Amino acid sequence: MLFFNLSAFYFFYFAAVGVYVIFLPKVLHDIGYSTFDIGIILAIPLLMKFITPFMFLKYIKLDKNMFKTALAILLILSSLFYLTLENFYLFLINNALLGVCLSLILPYLEVTAVSNLGKEKYGKSRLFGSIGFAIISLVLAKFLTQPYVAIHFYLVLNILTIIFALLLLKFDMEQKEEEKKIPFSFLKFLPFWLSLFFMQISFGAFYNFFTIYETQHGISLEMTSYLWSFGVLCEILMLYFQAPLLKNNLLNIIKFCVAITTLRWLLLYLYPDSLGITFFTQSIHAFSFGLYHSAVIIYLFTLYENKKLAQQFMYGVTYGLGGFIGALVSGAVYGEFLFLYSALFSLLSFFALYFIKKV
């Protein structure tokens with residue numbers, strides 16, 4: 001039952017993420033938002049994901065009550081999309097608060113997943129998130145006849161996410177009192193956090209400009225969509241079969257994933273118009289996201305006693321601050337050398353890993 005509920009949670013959670021990431025920019029553009037306004041709206045939740053964990057160092061505790069509160073607020077904010085969508089400032093505030101909620105929900109349940117499923121089943125459960133993301137990208141494209149259709153999907157998917165999140169609470173393991181008293185040291189493993197940060201910056205070019213980059217180098221939009229789907233398929237296969245790999249040294253796995261990601265970006269820089277090489281680079285997504293993400297989650301689980309706060313910082317530093325800076329940098333340097341810059345950032349991530357002290 002735990003595996004089913006967790007898999008369903010991942011499926012609906014990341015399907016909702018798919019609606020937000022893939023279709024919300026188009027919705028905002030269709031109702032008259034400028035690209036600059038859209039960029040601000042999408043950047044604010046990333047900043048909030050980074051800022052929020054710092055509030056939990058001393059002032060707030062991430063427990064069941066806080067988790068339930070975050071789920072309730074998520075429902076309210078998703079419903080308020082209907083009222084705030086066409087007002088820039090109200091929608092900006094709505095999205096800022098949404099970033100706070102999302103920075104609590106997934107990290108909380110990732111600890112539950114790793115604690116109860118272990119290395120063997122975590123990846124197989126997590127792959128349903130990738131499936132949900134892929135399916136919504138195909139399904140909603142056929143139904144998006146007017147902007148508010150996407151909002152309907154987003155609300156329904158978040159309701160389903162909340163239902164399965166609540167069902168998972170009975171499997172939650174509360175922190176022991178002695179563990180709560182151990183201070184969270186962000187600086188103790190600073191090289192690891194820097195590596196996470198630089199790695200996500202390197203993905204800025206891919207997540208924000210891959211489609212534009214490839215189509216400008218002669219690959220059709222339809223073929224580019226196949227490249228995206230192929231990358232997700234490789235990710236899903238890795239999540240399903242990765243358990244034996246995760247029995248090895250996790251830090252070495254992370255190093256390998258970062259190194260091969262650097263190769264991935266270099267190949268995109270050197271051969272942007274080669275369809276065969278681009279498909280090969282997409283196959284590396286199995287390592288640069290699928291295996292890397294799982295190894296990082298589990299490795300982080302072994303570093304800190306305050307595991308939920310550690311997961312919050314992981315999402316805040318990577319997908320929050322790293323994603324925000326990555327989007328800004330890739331937009332600023334877009335051009336021939338776009339993925340060369342990505343390779344340099346992932347190389348910095350790789351070097352940082354060699355300064356991690358053994359635990």
Side-chain angles (χ1 to χ4, degrees), residues 14 17 21 110 122-123 126-127 129-131 133-134 192-211 213-214 224 226-246 248-272 274 276-300 314-315 317-323 325-327 329-330 338-354 356:
F14 284 101
V17 170
V21 171
E110 288 277 41
Y122 168 74
R126 177 61 178 76
L127 71 83
S130 301
I131 294 173
F133 188 92
F192 179 66
W193 293 107
L194 288 174
S195 179
L196 294 179
F197 174 65
F198 286 127
M199 180 66 160
Q200 195 59 32
I201 290 179
S202 82
F203 269 88
F206 177 70
Y207 286 135
N208 295 282
F209 293 101
F210 178 71
T211 298
Y213 183 79
E214 290 303 315
T224 303
Y226 294 152
L227 286 166
W228 278 103
S229 299
F230 180 68
V232 174
L233 175 61
C234 293
E235 171 192 324
I236 291 170
L237 290 174
M238 174 57 75
L239 289 168
Y240 187 82
F241 292 108
Q242 70 183 359
L245 295 174
L246 293 173
N248 299 302
N249 185 292
L250 291 172
L251 187 55
N252 286 339
I253 291 174
I254 294 170
K255 289 177 181 177
F256 172 78
C257 291
V258 176
I260 199 171
T261 300
T262 303
L263 173 64
R264 177 186 186 182
W265 304 146
L266 278 175
L267 289 174
L268 281 175
Y269 161 65
L270 293 170
Y271 306 100
S274 172
I277 290 179
T278 306
F279 264 106
F280 174 71
T281 64
Q282 285 299 89
S283 72
I284 295 176
H285 198 64
F287 297 93
S288 56
F289 180 79
L291 183 60
Y292 175 80
H293 178 82
S294 297
V296 165
I297 291 290
I298 297 170
Y299 182 70
L300 194 62
M314 194 282 288
Y315 281 97
V317 170
T318 57
Y319 303 109
L321 186 62
I325 299 297
V329 170
S330 58
L338 176 66
F339 281 100
L340 180 60
Y341 284 104
S342 289
L344 291 174
F345 279 116
S346 58
L347 194 60
L348 287 173
S349 173
F350 181 74
F351 287 146
L353 292 170
Y354 282 91
I356 297 176

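Just so it is clear, the structure is predicted and the values come from calculations on it, not from any experiment.
The shortest side-chain heavy-atom distance between V258 and Y292 falls under the 4.5 Å cut-off. Side chains of L246 and L291 form a contact here, defined as non-hydrogen atoms less than 4.5 Å apart. H293 has its side chain out of reach of L239: every pair of non-hydrogen atoms, C-beta onward, lies at least 4.5 Å apart. A 4.5 Å side-chain heavy-atom check between Y341 and V329 finds every atom pair outside the cut-off. Between I236 and Y240 there is no side-chain heavy-atom pair separated by less than 4.5 Å.
A pairwise comparison of heavy atoms in L251 and N249 identifies N-OD1, 3.0 Å as the closest pair. Residues T278 and S274 share a closest heavy-atom pair of OG1-O, 2.7 Å. Taking each heavy atom of S202 and S342 in turn, the nearest pair found is O-OG, 3.0 Å. A pairwise comparison of heavy atoms in I254 and A295 identifies CG1-CB, 3.8 Å as the closest pair. Of all non-hydrogen atoms in V317 and W193, the two that sit nearest each other are CG1-O, 3.8 Å.
Note: F289 CZ to C234 SG = 13.5 Å, rounded to the nearest 0.5 Å. Rounded to the nearest 0.5 Å, atoms CZ (F256) and CG (L245) are 9.5 Å apart. Of the inter-residue distances, the one linking L270 atom CG with I277 atom CD1 reads 8.5 Å to the nearest 0.5 angstrom. Distance check: L196 CG to Y315 OH gives 11.5 Å after rounding to the nearest 0.5 Å. We find the CD1-OG distance between I260 and S346 to be 11.5 Å, quoted to the nearest 0.5 Å. Separation of atoms NZ (K255) and CD1 (I356) is listed at 7.5 Å; rounding is to 0.5 Å.
Contacts of T318 classified as side-chain hydrogen bond (donor to acceptor under 3.5 Å, both in side chains), with partners at least two apart in sequence or in another chain: none. Listed by chain and number, the residues in a side-chain contact (heavy atoms from CB on, under 4.5 Å) with A343 are T262, W265, L266 (sequence neighbours excluded). With sequence neighbours excluded, the residues satisfying side-chain contact (heavy atoms from CB on, under 4.5 Å) with Y269 are F337, F339, L340. Residues forming a side-chain contact (heavy atoms from CB on, under 4.5 Å) with F351 (at least two apart in sequence, or on another chain): L347. Looking at residues two or more places apart in sequence or on another chain, you find a ring-ring contact (aromatic ring centres under 6.0 Å, His included) between F279 and F230. Every residue two or more places apart in sequence or in another chain that forms a side-chain contact (heavy atoms from CB on, under 4.5 Å) with L348 is listed here: F198, F345. Contacts of F192 classified as ring-ring contact (aromatic ring centres under 6.0 Å, His included), with partners at least two apart in sequence or in another chain: Y299. Looking at residues two or more places apart in sequence or on another chain, you find no side-chain hydrogen bond (donor to acceptor under 3.5 Å, both in side chains) involving T281. Residues passing the side-chain hydrogen bond (donor to acceptor under 3.5 Å, both in side chains) test with Y226 are E222, sequence neighbours excluded. Residues passing the side-chain hydrogen bond (donor to acceptor under 3.5 Å, both in side chains) test with R264, sequence neighbours excluded: Q282, H285, S288. In this structure F209 satisfies the ring-ring contact (aromatic ring centres under 6.0 Å, His included) test together with Y334, sequence neighbours excluded. Every ring-ring contact (aromatic ring centres under 6.0 Å, His included) that Y207 has, sequence neighbours left out, goes to F203.
In this pair, F210 and W228 present their aromatic rings perpendicular. The plane angle is above 60°, beyond the 30 to 60° band.
Looking at T224 and E214, their side chains never bring a donor and an acceptor atom within 3.5 Å of each other. Using modelled atom types and a 3.5 Å distance limit, the side chains of Y122 and Q242 yield no donor-acceptor pair.
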